[in-house]
Amino acid sequence: MIAFDEQTAQRVIADFPILARPTSRGKRLVYLDSAATSQKPNAVIDALDTYYREYNANIHRGVYEIAARATDEFEAARAKVARFINAQPQEIIWTRNATEAINLVAYSWGAHNLHAGDVILTTEIEHHSNLVPWQVLAERTGATLRFIPVDGRGELILDDIDRLLEGVKLLAITHVSNTLGTITPLERILPKARAAGATILVDGAQGAPHLPVDVRALDVDFYAFSGHKMLAPTGIGVLYGKRALLEAMPPFLAGGDMIRKVGYERTSFNDLPWKFEAGTSNIADAIGFGVAVEYLEALGMDWVRAHERDLLSYAFERLAPLEARGLAIYGPKDPARSSGVISFNFADIHAHDMASILDTEGICIRAGHHCTMPLMDKMGWSATARASFYVYNTAADVDALVEGLEKAARVFKL
Ligand code: 7TS
């Protein structure tokens with residue numbers, strides 16, 4: 001039996017008002033789609049409310065009291081997010097999301113450092129957001145893409161990693177697969193990539209929300225993530241970059257706030273991190289992001305990881321009997337190598353039908369290709385159903401999922 005920390009879990013649930021609202025069918029909301037976006041605790045919702053009610057003003061320009069407070073809170077949020085991943089505040093660039101953070105690197109660093117014949121190494125499990133920007137960059141520069149292959153259980157095959165890394169200029173790799181939950185073995189890959197002279201970008205969209213992250217210990221050059229998957233509002237994300245690299249990079253977007261001095265003909269650019277933050281920033285949501293990481297820090301990322309491991313262990317245990325009836329679970333199926341994602345198909349029930357049946361029970365899962373179409377093609381799946389866990393999920397949610405699958409089996413007469 002898994003020893004859940006039920007007391008903390010119940011306290012966490014009470015912090016999320018949406019979880020107390022029944023669905024229109026009067027069901028308890030069982031939210032199992034946090035890999036798509038997470039729910040928000042009262043502390044984050046209140047921070048947005050307070051900003052708009054008490055000190056809404058533009059930042060970095062007003063001398064009056066509420067503008068100074070807005071600037072202070074905005075920059076304090078940056079410092080909180082920096083601390084969360086063991087970075088310096090100047091190394092934290094606010095973006096809209098992980099996708100924009102990756103594009104910033106592709107357009108600014110990539111366009112100036114990659115040339116015809118250069119190699120970008122990525123993997124076969126990437127989200128489109130860490131694939132398409134490199135395809136576009138390769139098209140523009142004449143660089144080529146190379147892939148670390150994936151095996152049938154969704155784990156990267158590293159037998160040939162030394163050869164794959166030969167001559168690589170950029171390694172762009174995910175921390176965690178959003179489709180399979182696989183935690184990529186960065187500790188085995190990154191030192192080799194560094195030794196091979198590659199610049200390293202990690203897509204942390206599914207890493208930062210679920211695992212303790214220390215960008216210094218990982219020794220990555222860039223780490224991209226989104227606030228909305230880690231209790232913060234939508235519309236705010238982060239690019240972490242090593243200071244020396246960011247200093248050397250040209251701005252991505254140009255305009256207000258990213259300048260030091262502007263003449264009709266020439267402009268000099270602002271210091272880090274503002275050089276990369278053109279135009280009025282997403283002030284409220286950045287402040288909300290700061291509150292979200294404080295919430296996660298108070299819980300402790302070790303607790304978050306342990307809680308998700310417990311949930312996965314319990315889910316694998318509860319789902320096992322259904323495997324004999326045609327349930328196929330994809331991915332490593334090992335809570336030590338997997339983050340809180342379970343991708344599955346049940347006999348010949350289409351993943352979208354499964355999601356619709358579960359919806360009638362108040363259970364939210366995602367069905368489809370999960371923005372990893374090449375991976376789906378390679379595995380031969382047209383779609384999978386995906387349940388994903390976070391801090392506010394408990395054993396009761398796993399039980400609800402299992403009951404939902406049993407209902408689907410009845411409906412489809414399995
Ligand atoms: N990288 C990974 C690994 C992701 O899972 C996602 C979003 C992104 C990048 C892009 O994040 P965004 O915030 O810029 O959109 N993944 C998912 C998902 O699995 N379901 O919905 C979005």
Side-chain angles (χ1 to χ4, degrees), residues 31-40 81 93-107 122-136 147-148 150 154-156 171-184 186 200-211 213 220 222-240 252 282 285-286 288-289 292-293 308 330-332 338-344 351-352 355 364-376 379 381 383-390:
Y31 189 74
L32 297 176
D33 198 19
S34 294
T37 199
S38 68
Q39 297 303 340
K40 321 302 175 198
V81 173
I93 314 293
W94 295 122
T95 61
R96 279 188 304 138
N97 45 40
T99 304
E100 189 177 85
I102 294 168
N103 275 276
L104 194 164
V105 176
Y107 279 89
T122 181
T123 82
E124 289 183 341
I125 61 172
E126 299 306 315
H127 186 280
H128 297 163
S129 291
N130 197 31
L131 173 60
V132 183
W134 309 122
Q135 292 173 342
V136 171
F147 296 90
I148 303 176
V150 63
E155 299 212 54
L156 296 180
L171 170 68
I173 184 168
T174 193
H175 199 166
V176 172
S177 157
N178 65 310
T179 299
L180 300 165
T182 319
I183 300 173
T184 54
L186 294 182
I200 298 168
L201 175 139
V202 173
D203 172 356
Q206 303 289 351
H210 303 282
L211 305 171
V213 174
V220 288
F222 300 108
Y223 192 92
F225 53 111
S226 285
H228 71 93
K229 293 188 200 287
M230 45 195 296
L231 311 183
T234 46
I236 189 77
V238 161
L239 174 70
Y240 157 80
F252 171 38
N282 185 350
D285 296 324
F289 201 165
V293 298
E308 290 182 20
Y330 311 119
S338 183
S339 183
V341 169
I342 298 183
S343 241
F344 62 93
H352 283 107
C364 314
I365 64 157
R366 182 171 172 191
H369 56 60
H370 315 293
C371 301
T372 54
M373 287 169 82
L375 173 67
M376 305 295 287
M379 295 294 201
W381 309 322
T384 75
R386 182 190 69 181
S388 53
F389 303 117
Y390 207 19

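Side chains included, hydrogens not; waters and symmetry mates left out as well; all remaining heavy atoms used. Numbering of ligands and ligand atoms starts at 1, following listing order.
What sits closest to atom 1 (N) of ligand 1 on the protein, heavy atoms only, is Asp203 OD2, 2.5 Å. The shortest contact between atom 4 (C) of ligand 1 and any protein heavy atom is with His127 CD2, 3.4 Å. When hydrogens are left out, the protein atom nearest atom 14 (O) of ligand 1 is Thr99 OG1, 2.5 Å; that is the closest non-hydrogen contact. Counting only heavy atoms of the protein, atom 5 (O) of ligand 1 lies nearest to Gln206 NE2, 2.7 Å. Here the protein heavy atom with the shortest distance to atom 13 (O) of ligand 1 is Ser226 OG, 2.6 Å.
Two rings, from His210 and Tyr390, have their centers less than 6.0 Å apart. Between His128 and His370, the ring center distance fails the sub-6.0 Å criterion.
Residue-to-ligand polar distances keep Thr174 apart from ligand 1: every N/O pair is separated by 3.5 Å or more. Considering backbone and side-chain atoms together, Glu100 places no N or O closer than 3.5 Å to any N or O of ligand 1. Checked against a 3.5 angstrom limit, the closest N/O atoms of His228 and ligand 1 fall inside it. The N/O atoms of Asn178, backbone and side chain alike, include one that comes under 3.5 Å of an N/O atom in ligand 1.
For ligand 1 and Ala205, the ligand atoms under 4.0 Å from any heavy atom of the residue are 1 (N), 2 (C), 4 (C), 6 (C), 8 (C), 9 (C). Close approach to Ala98 involves these atoms of ligand 1, each under 4.0 Å from a residue heavy atom: 14 (O).
Put simply, the side chain of Ser38 gets close to the backbone of Leu231: a donor and an acceptor are under 3.5 Å apart.
Considering His175, His128, Arg386, Arg96 only, the shortest heavy-atom separation from atom 19 (O) of ligand 1 involves Arg386. The closest non-hydrogen atom to atom 16 (N) of ligand 1, taken over Lys229, Arg366, Glu126, His369, comes from Lys229.
Side chains of His228 and Thr37: a donor on one and an acceptor on the other come within 3.5 Å.
Taking the side chain as every heavy atom from C-beta outward, Glu126 and Ile173 approach each other to under 4.5 Å. Taking the side chain as every heavy atom from C-beta outward, Leu104 and Ile93 approach each other to under 4.5 Å. For the pair Val213/Tyr240, no side-chain contact is recorded, criterion being any heavy-atom separation below 4.5 Å from C-beta on.
A tilted orientation is assigned to the rings of Phe289 and Trp94, their planes being inclined by 30° to 60°.
Tested against Arg386, the residues Leu32, Ile342, Val341, Ile365 include a single side-chain contact (heavy atoms from CB on, under 4.5 Å) partner, Val341.
At least one heavy atom of Ala35 lies less than 4.0 angstrom from ligand 1.
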